[in-house]
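In what follows, a structure is listed as structure tokens, so that the remarks can point back to it.
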Amino acid sequence: MSADPFQDFFQACQDLLSAQVEVPPEAALTVPPRREFGDLSSNVAFVLAKPLRRAPRQIAQELVAKIDPSTSPLVAKAEVAGAGYINFYMDYEAFAAHALETIRAEGAAYGTSEPEKRLRVLVEHTSVNPNKEWHIGHARNCVLGDVIARLYRHAGHEVEVQNYIDDTGKQATDSLYALRYFQPEPQPETKYDHFVGEHYVRLHRILGREEDARAELKALEGQPLEGEDAAKAEVLRAELAQIAEVKAGIVELMHHVEHGEYVQDICRVLDAQLQTAWSLGASYDLLSWEGDIVRSGLFQEAMDKIKGSPYVYVAESGPKAGCLVMNMTDFWEGGKATEDDVLEKVLVRSNGIPTYEGKDIAYQMWKFGLLENDVRFRLYTVQPDGRELRTTWREGEARRRPKVDVVINVIGAPQSYAQAVVYTAMRVTGHEEEYRNSRHLAYGMVYLPSGSMSGRKGIGISADEVLQSTVDEAYERVKAKRAAELPEDEMRRIAEAVGRSAVRYFMVQFNPSKDVLFEIDQVLSLDGNTSSYLQYANVRTESLMRKAADEGLDMAAIWQEAGSLQLSELADEEKDLVSALARYPGVIARALAALAPNILTDYAFELAGLFTQFYHKCAVLKAETPELVRRRLALSRATNQVFMNTFGILGLDKLDVM
RNA sequence: GCCCCUGUAGCUCAGUGGACAAGAGCAACUGCCUUCUAAGCAGUGGGUCGCAGGUUCGAAUCCUGCCAGGGGUACCA
């Protein structure tokens, strides 16, 4: 017996079958659609029908006749059903004992067996340009990455979370320039990233006029100008002159930014953005600044290394003459490519400036520990959850990098091609293993009912706003319900927990690959399939245990003997609950393998529903016999344990009252 | 043009290791709070699983072709 009760039942059924017949690998043992069909169902008879040239039902009947369930404590019986399914039924009494005992013994570790190999995993997420406030799409990235990191940690792996700071890019420069250009009055009451973002958008309103102004002027200049037209042309010329001035100013400023002269200013924006991350319950281990990676010589070393490959060379002619290019033709797996030029990727332009892919290749090589040089780093701050946050820095300790096994980059789906280029560079340089262990968690965009968001135009909903609205809504709810019994600060605390959790849940409840339509009402409702439902179900487990203690029952003692309680004649609701609790480890494994947190949210919602049904149908504290009370308290305690573990991974807040 | 992702109920989404009657939440409608918290429960109505072929005992799921939406495909950032 293992720490995965459902897997044990699965294995038991599998063994019973294999003892009678060689089970082909394509035969499946799956959970049937309805409980009348048992707890696991095998289609092996269908698969064997063809090679044996016999009817599936006949094969199934012969197999079932030979199977002896009494040799397996968890299996009650096997039956033939339908056209030839072999349905296995659990011995629920034995199974419930095993499940409860496992959950009790494993506790916070329940759900994850010791990994065969403890991996070092590097998760990069967030990586938002430090130039304006986050919108909800950034929040999706952050929460997805945070949950993936927590999943790996829960599974016993060693995780480092990095947040890449593009401090030398155009966006950061634009914002810095906007502040110099407009010289706005400081607004201490406005969160700094919002303040800067406002002026960034203002700057782009000016720049965005260029094309139109040019066209309008051209239309006017076709004829002799007089009166109103002459004045209008003058205005347009002035506008274009202003645009030219701004653009020149940005280019000039860019040189200074690239030399790291404005790190302090960028930190101010970054710090405001980090507040958003922390209020969403996320944290990081390292801030990786692009400027530091370039200045520390990592980029140069990576390019020198990659130049050693026969597939990397300076193009001598053609449109890419003078560029350092990488020919990926022999290595490309990122989709069926037919046009050769797509596969000849520029890494360094003819003017010596690297492309994004070029820089990202260096970063990826550094992540895997493939470079000799290293950045220096220092402590940046201690985060609200107590985790230390480090940052790369121009001076300080040298960072001794351990070998990393897996690199997961949480980056939007539009960057799929660029990511494929970066990973392909690993195999081009002979690092096949690193190539295979590079994973792009490509997530879909977040859209508003009004269309897509645009950072430049300032269209979108900020993550801070969404969070605040949700907390406000939760506050109204808790106040309407509990104003009489709870103090103000307690209601505030609950509202924070409910609001934060609701936003997090929304961000990961969909398949990552899908685009998400963000409707604020769906988050604000706090009804139905939301984190509130899970929190509410868990509050009920808490409440039951509290009341049990009030009635003089020794909860700890009951839980201690969970596996040896009276577990016969379980009600259907109890069976369903036990079965769901036992399936938790498998859910974790699937979510991890697929990098899909929505597998876990789906499960958690189902579990909450099953517990709620149990709660409504089966009296716990008021059950008919003391034995029944103890059993149902143990089931509640077990559910509470699985909720705790699930909440830990999803980063949802546990509540005692709501 | 080529490549990738997506198309399931009015809306938002699960299900894509093939399996015996397509699921959930929201919205609509009907009931249920002196009874372990009604952010809840029970129930009703609502679907040619984008379309057309194919493979199979069996297809929302696999294959082919089409249609629709989004993204990518630059020495852009």
Side-chain angles (χ1 to χ4, degrees), chain A residues 25-26 28-30 32-34 36-37 41-43 46-47 49-50 55-56 81-85 87 129 166 169-171 174 315 319-325 334-339 341-342 345-356 358 412-418 420 442 444-445 447 449 452 474 477-478 480-482 498 502 509-511 513-519 521-522 525-533 535-537 539-540 542-544 546-548 551 590 598-599 601-602 605-606 609 612-613 615-623 629 632-633 636 657-658:
Chain A
E26 64 268 31
L29 194 55
T30 55
R34 292 203 301 284
E36 304 98 271
F37 301 136
S41 180
S42 170
N43 65 354
F46 292 96
V47 178
K50 198 156 200 180
Y85 291 94
N87 293 338
N129 279 313
D166 185 357
K170 180 135 172 36
Q171 276 79 7
D174 286 355
K320 290 169 185 167
C323 298
L324 182 70
V325 298
K336 285 171 274 179
T338 47
E339 288 177 54
D341 66 330
V342 173
K345 188 71 210 168
V346 173
L347 304 181
V348 180
R349 299 178 191 117
S350 54
N351 63 2
I353 296 174
T355 60
Y356 266 60
Q415 308 242 41
S416 294
Y417 169 73
M445 298 289 93
Y447 293 98
S452 64
R477 287 248 192 164
V478 71
K481 199 172 164 184
R482 311 229 167 268
V498 170
Q509 78 176 128
F510 309 112
N511 185 324
S513 73
K514 287 204 178 186
D515 290 341
V516 167
L517 183 71
F518 183 83
E519 291 174 295
D521 289 347
Q522 204 180 333
S525 80
L526 304 176
D527 288 324
N529 189 354
T530 64
S531 57
S532 304
Y533 185 74
Q535 289 171 312
Y536 197 76
V539 159
R540 284 174 159 163
E542 294 284 345
S543 171
L544 285 170
R546 213 166 40 232
K547 284 208 155 67
E551 290 178 17
R590 273 193 301 132
N598 63 303
I599 290 173
T601 55
D602 270 3
F605 182 62
E606 188 196 335
T612 304
Q613 279 166 29
Y615 180 87
H616 278 276
K617 290 260 180 61
C618 305
V620 177
L621 296 168
K622 294 172 183 170
V629 171
R632 290 182 175 164
L633 276 171
S636 303
V657 180
M658 70 185 275

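Worth knowing before you read on, the calculation uses all heavy atoms, side chains too, and leaves out hydrogens, waters and symmetry mates. Lettering follows sequence order; numbering is per chain, from 1. These numbers were taken from a predicted model, which means no experiment stands behind them.
- The nucleotide rA14(B) finds no pairing partner, because no Watson-Crick or G-U wobble arrangement with both distances shorter than 3.5 Å includes it.
- The main-chain N or O of N598(A) is found under 3.5 Å from a side-chain atom of T601(A) such that the two form a donor-acceptor pair.
- Straight-line distance from the CD atom of Q509(A) to the C1' atom of rC13(B): 8 Å, rounded to whole Å.
- Among rG70(B), rA19(B), rA77(B), the nucleotide with an atom closest to any side-chain atom of D515(A) is rG70(B).
- Across every strand in view, rU44(B) sits in a pair with rA28(B) that passes the Watson-Crick or G-U test at under 3.5 angstrom.
- Separating the CZ atom of R590(A) from the P atom of rG15(B) is a distance of 9 Å, rounded to the nearest angstrom.
- Annotation: rG70(B) and rA77(B) have their P atoms spaced 26 Å apart (nearest Å).
- Partner assigned to rU35(B) is none, using Watson-Crick or G-U wobble distances below 3.5 angstrom.
- The closest side-chain donor-acceptor pair between D527(A) and S525(A), if any, does not fall under 3.5 angstrom.
- Among the atoms of the strands shown, base atoms are found under 4.0 Å from some heavy atom of P319(A).
- With a cut-off of 3.5 Å on both pairing distances, rA9(B) has no Watson-Crick or G-U wobble partner at all.
- Using atom P as the reference point in both rA19(B) and rA60(B), the two lie 9 Å apart (nearest Å).
- Put simply, S513(A) has a side-chain N or O that comes within less than 4.0 Å of OP1 or OP2 on rU6(B).
- Contacts of D521(A) with the nucleic acid, taken as non-hydrogen atoms under 4.0 Å apart, are absent.
- The listed nucleotides are rG40(B), rA77(B), rA19(B); the one nearest the side chain of Y533(A) is rG40(B).
- Comparing the same atom, P, in rG7(B) and in rC11(B) gives a spacing of 15 Å after rounding to whole Å.
- Side-chain atoms of N43(A) do not come within 3.5 Å of backbone N or O of F46(A) as any donor-acceptor pair.
- No hydrogens or angles were tested; on distance alone, nothing pairs the side chain of S416(A) with the base of rC4(B) as donor and acceptor under 3.5 Å.
- Taking atom CE on M658(A) and atom P on rA38(B), their separation rounds to 12 Å, with Å as the unit.
- Atom pair F510(A):CZ and rG15(B):C1' shows a separation of 15 Å (rounding to whole Å applied).
- Rounded to a whole angstrom, the distance from the C1' atom of rC62(B) to that of rG72(B) is 27 Å.
- In this entry the base of rC33(B) is syn relative to its sugar, with a glycosidic angle within 90° of 0.
- The K514(A) side chain lies nearest to rU6(B) when the options are rU6(B), rG71(B), rA77(B).
- Listed candidates were rA14(B), rG40(B), rG72(B). Nearest to the side chain of D602(A) is rA14(B).
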Any protein N or O atoms within reach of nucleotides 34-36 of chain B? Criterion: under 3.5 Å, listing atom names and distances.
| unit_1 | atom_1 | unit_2 | atom_2 | d |
| --- | --- | --- | --- | --- |
| rU35(B) | O2' | K622(A) | NZ | 3.2 |
| rC36(B) | O2 | L621(A) | N | 3.0 |
| rC36(B) | N3 | V620(A) | N | 3.0 |
| rC36(B) | N4 | Y615(A) | O | 2.4 |
| rC36(B) | N4 | C618(A) | O | 2.8 |

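- A distance of about 15 Å separates the C1' atoms of rU48(B) and rA59(B), rounded to the whole Å.
- Using a distance-only test at 3.5 Å, with no hydrogens or angles considered, no donor-acceptor pair links the side chain of D166(A) to the main chain of N129(A).
- When distances run from any side-chain atom of Y356(A) to the nucleotides rG70(B), rC13(B), rA77(B), the shortest one goes to rA77(B).
- Map V516(A) and A28(A) each onto its nearest nucleotide of RNA chain B; the residue landing nearer the 5' end is V516(A).
- What separates NZ of K50(A) from P of rC57(B) is a distance of 5 Å, to the nearest Å.
- Scanning atom types as modelled, one donor and one acceptor separated by under 3.5 angstrom connect the side chain of Y85(A) and the base of rA19(B).
- Ring-base stacking between F46(A) and rA19(B) is not satisfied when judged by a centre separation under 5.5 Å and a plane angle under 30°.
- Looking only at distances, no side-chain donor or acceptor of S543(A) sits under 3.5 Å from a matching main-chain atom of V539(A).
- Shown here, rC2(B) forms a base pair with rG72(B); the pair counts as Watson-Crick or G-U wobble because both key distances fall under 3.5 Å.
- To the nearest 0.5 Å, atom CE of residue M658(A) and atom NZ of residue K481(A) are 6.5 Å apart.
- Using P as the reference atom, rU8(B) and rC49(B) are 11 Å apart when rounded to the nearest Å.
- Here A315(A) lies out of heavy-atom contact (under 4.0 Å) with every strand.
- Residue contacts shown for V539(A) include a base, since a base heavy atom lies under 4.0 Å away.
- Taking atom C1' in both rG25(B) and rG15(B), the straight-line distance is 15 Å, to the nearest Å.
- One interatomic measurement links the two molecules: CD of Q415(A) to P of rG72(B), which rounds to 9 Å at whole-angstrom precision.
- Listed for the S42(A) side chain is no donor-acceptor partner under 3.5 Å among the backbone atoms of L29(A).
- Rounding to whole angstrom units, CZ of residue R477(A) and P of rA38(B) are separated by 14 Å.
- Under the ring pair (Phe, Tyr, Trp, His ring centres under 6.0 Å) criterion, Y447(A) pairs with no residue, sequence neighbours left out.
- Taking the C1' atom of each, rG43(B) and rG65(B) are spaced 45 Å apart, rounded to whole Å.
- Using a 4.0 Å cut-off, some side-chain N or O of Q613(A) falls inside it from OP1 or OP2 of rA42(B).
- A distance of 6.0 Å or more separates the ring centres of Y85(A) and F37(A).
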Is there a side chain to side chain contact (heavy atoms under 4.5 Å, CB included) between S350(A) and K320(A)? Walk through the geometry before answering. CA-CA 8 Å; S350(A) 54; K320(A) 290 169 185 167; over 6 Å; no

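- Counting only distance, with no hydrogens or angles, the side chain of R632(A) and the backbone of A619(A) share a donor-acceptor pair below 3.5 Å.
- The side chain of F37(A) lies closest to rC20(B), out of rC11(B), rC20(B), rG40(B).
- For Y417(A), taking side-chain heavy atoms from C-beta onward, the closest of the listed nucleotides rG72(B), rC5(B), rG40(B) is rG72(B).
- In this structure, rA52(B) and rU64(B) make a Watson-Crick or G-U wobble pair, each of the two defining distances being under 3.5 angstrom.
- Atom CD in E36(A) sits about 11 Å away from atom C1' in rC20(B), given to the nearest Å.
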Nucleotide-resolved protein contact map, nucleotides 25-31 of chain B, B/S/- at heavy-atom distance under 4.0 Å: SS-----

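- Note on E519(A): only backbone sugar-phosphate atoms sit closer than 4.0 angstrom, heavy atoms only; bases stay farther off.
- Each of V346(A) and V498(A) has a nearest nucleotide on RNA chain B; the 5'-most of these lies closest to V498(A).
- Checking side-chain atoms of T355(A) against main-chain N and O of V346(A) turns up a donor-acceptor pair under 3.5 Å.
- Residue D174(A) is classed as having no contact, given no heavy-atom separation below 4.0 Å to the nucleic acid.
- Of the candidates rU12(B), rA77(B), rA14(B), the closest approach to any side-chain atom of L517(A) belongs to rU12(B).
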